[in-house]
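Structure incoming, see below.
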Amino acid sequence: MTSEKLAELAVQAMKGAYAPYSGYKVGAALLCADGTVYTGCNIENASLTPTVCAERTAFFKAVSDGKREFSAIAVCGGKDGQIEGFFPPCGVCRQVMREFCRDDFTVHLVGAKGDIKTRTLAQLLPESFSL
Ligand SMILES: [Zn+2]
């Protein structure tokens, strides 16, 4: 699957975001090693702490379906669902990626005009902790 197609799926997934508090809608599309794709959106909560990011929604959906090997993820976001610049994964999501992915796992950051900035997990989370 191309990075452009994965980016499109992330943009579609953003529409499902539940973000009544921050207004920031985020979408993610996670490509498994077997070629299947799981999408996710952010889901906020009035007490804030239970809020979950789009990336973790996608990962947890996939892991709960038995997936363990992943190739890439595309992420986009912006206020009221309008993509504005890049929306890199937060630290918690980077650590979740670390649990299941190697250094070469690819993260595509999707910009407003469909431009894509590509990074590896090693670049986003250097000297990371994993067992
Ligand atoms: Zn996050």
Side-chain angles (χ1 to χ4, degrees):
M1 173 171 295
T2 65
S3 57
E4 289 80 10
K5 179 62 180 169
L6 202 61
E8 277 180 39
L9 294 172
V11 172
Q12 286 177 19
M14 186 173 60
K15 295 183 171 75
Y18 176 76
Y21 306 106
S22 75
Y24 282 93
K25 296 186 174 186
V26 186
L30 174 63
L31 177 63
C32 304
D34 66 5
T36 56
V37 174
Y38 284 81
T39 59
C41 60
N42 57 323
I43 304 168
E44 295 183 347
N45 189 280
S47 67
L48 301 180
T49 305
T51 294
V52 66
C53 301
E55 301 92 318
R56 276 179 288 149
T57 300
F59 264 93
F60 294 162
K61 285 168 66 178
V63 171
S64 69
D65 271 356
K67 306 298 181 186
R68 294 293 186 273
E69 298 283 330
F70 305 99
S71 303
I73 193 168
V75 184
C76 63
K79 190 81 171 172
D80 300 322
Q82 299 300 310
I83 298 173
E84 46 190 42
F86 298 103
F87 228 83
C90 77
V92 173
C93 287
R94 294 177 195 204
Q95 185 63 39
V96 167
M97 291 173 191
R98 171 81 288 166
E99 184 68 25
F100 298 101
C101 305
R102 294 178 293 275
D103 281 345
D104 61 351
F105 178 70
T106 302
V107 181
H108 300 297
L109 306 174
V110 183
K113 294 172 182 144
D115 44 328
I116 297 171
K117 187 194 297 187
T118 299
R119 297 289 182 264
T120 64
L121 181 56
Q123 289 173 312
L124 295 179
L125 193 66
E127 299 184 44
S128 60
F129 173 78
S130 68
L131 297 177

Supply the members, apart from Phe129, of the Ile/Leu/Val/Met/Phe/Trp/Tyr cluster built from side-chain contacts under 4.5 Å; use none for a lone residue.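 For the cluster that includes Phe129, the remaining residues are Leu131.
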
Answer with yes or no whether the hydrophobic clustering places Val107 together with Phe59; edges join I, L, V, M, F, W, Y residues whose side-chain heavy atoms lie under 4.5 Å apart.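 Cluster IDs for Val107 and Phe59 match.
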
Tell me the closest heavy-atom pair linking Val26 and Ala54, and the distance in Å.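 Smallest interatomic distance, heavy atoms only, reads O-CB, 3.5 Å.
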
Locate the shortest heavy-atom distance separating Ser71 from Ala33; write the atom from each residue and the value.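 So the minimum-distance heavy-atom pair works out to OG-CA, 3.5 Å.
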
Rounded to the nearest 0.5 Å, what separates atom CZ in Phe60 from atom SG in Cys53?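 Between atom CZ of Phe60 and atom SG of Cys53 there are 9.5 Å.
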
From Val92, Thr57, Asn45, Asn42, residue fulfilling side chain to side chain contact (heavy atoms under 4.5 Å, CB included) relative to Val52: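 Checked Val92, Thr57, Asn45, Asn42 against Val52; only one passes side chain to side chain contact (heavy atoms under 4.5 Å, CB included): Thr57.
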
Could you list the residues that satisfy side-chain contact (heavy atoms from CB on, under 4.5 Å) with Thr49, not counting sequence neighbours?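 Residues passing side-chain contact (heavy atoms from CB on, under 4.5 Å) with Thr49: none at all.
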
Check Ala74 against Ala10 and note the closest heavy-atom contact, atom names and distance.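 Minimum heavy-atom contact is O-CB, 3.5 Å.
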
Less than 4.5 Å apart, side chain to side chain, heavy atoms only: is that true for Phe70 and Val63?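 In contact.
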
Residue list, side-chain contact (heavy atoms from CB on, under 4.5 Å) with Ser22, at least two apart or on another chain: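 Ala19, Tyr24, Glu44.
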
How far apart are the C-alpha atoms of Asp34 and Lys67, what are their side-chain angles, what is the distance that settles it, and do they pass the side chain to side chain contact (heavy atoms under 4.5 Å, CB included) test? CA-CA 9 Å; Asp34 66 5; Lys67 306 298 181 186; 2.6 Å; yes

Side-chain heavy atoms under 4.5 angstrom apart, residues restricted to Ile, Leu, Val, Met, Phe, Trp, Tyr: same cluster for Phe86 and Val110?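 Result: no, two separate clusters.
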
When you compare the side chain of Pro88 with that of Leu124, does any pair of heavy atoms fall below 4.5 Å?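 In short, these two side chains do not touch, never coming nearer than 4.5 Å.
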
Sequence neighbours excluded - side-chain hydrogen bond (donor to acceptor under 3.5 Å, both in side chains) pairs with any residue from residues 73-100: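 Matches after skipping sequence neighbours: Arg98-Asp103, Arg98-Ser128.
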
Got a second to check how far Leu121's CG is from Phe100's CZ, nearest 0.5 Å?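 Taking CG in Leu121 and CZ in Phe100, the distance rounds to 12.5 Å.
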
Residues forming a side-chain contact (heavy atoms from CB on, under 4.5 Å) with Ala13, sequence neighbours excluded: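 Result, side-chain contact (heavy atoms from CB on, under 4.5 Å) vs Ala13: Thr39.
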
State, with a plain yes or no, whether a side-chain heavy atom of Ile73 is found less than 4.5 Å away from one of Glu55.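 In contact.
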
Write down the atom of Phe105, the atom of Ala72, and the distance for their closest heavy-atom approach.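 Nearest pair, atom of Phe105 first, then Ala72: CE1-N, 3.3 Å.
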
Got a second to check how far Leu30's CG is from Cys101's SG, nearest 0.5 Å?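 So the CG of Leu30 and the SG of Cys101 are separated by 7.0 Å.
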
Please walk me through it: do Ile83 and Met14 pass side chain to side chain contact (heavy atoms under 4.5 Å, CB included)? CA-CA 10 Å; Ile83 298 173; Met14 186 173 60; 3.8 Å; yes

For the atom pair SG (Cys93) and CG (Leu125), what is the distance rounded to the nearest 0.5 Å?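 Rounded to the nearest 0.5 Å, the SG-CG separation comes to 11.5 Å.
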
Output the rest of the hydrophobic cluster of Leu31: all Ile, Leu, Val, Met, Phe, Trp and Tyr residues reachable through side-chain heavy-atom contacts under 4.5 Å, sorted by chain and number.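 Members besides Leu31, by chain and number: Met1, Leu6, Leu9, Val37.
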
Calculate, to the nearest 0.5 Å, the distance between atoms CD and SG belonging to Glu8 and Cys76 respectively.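 It comes to 11.0 Å.
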
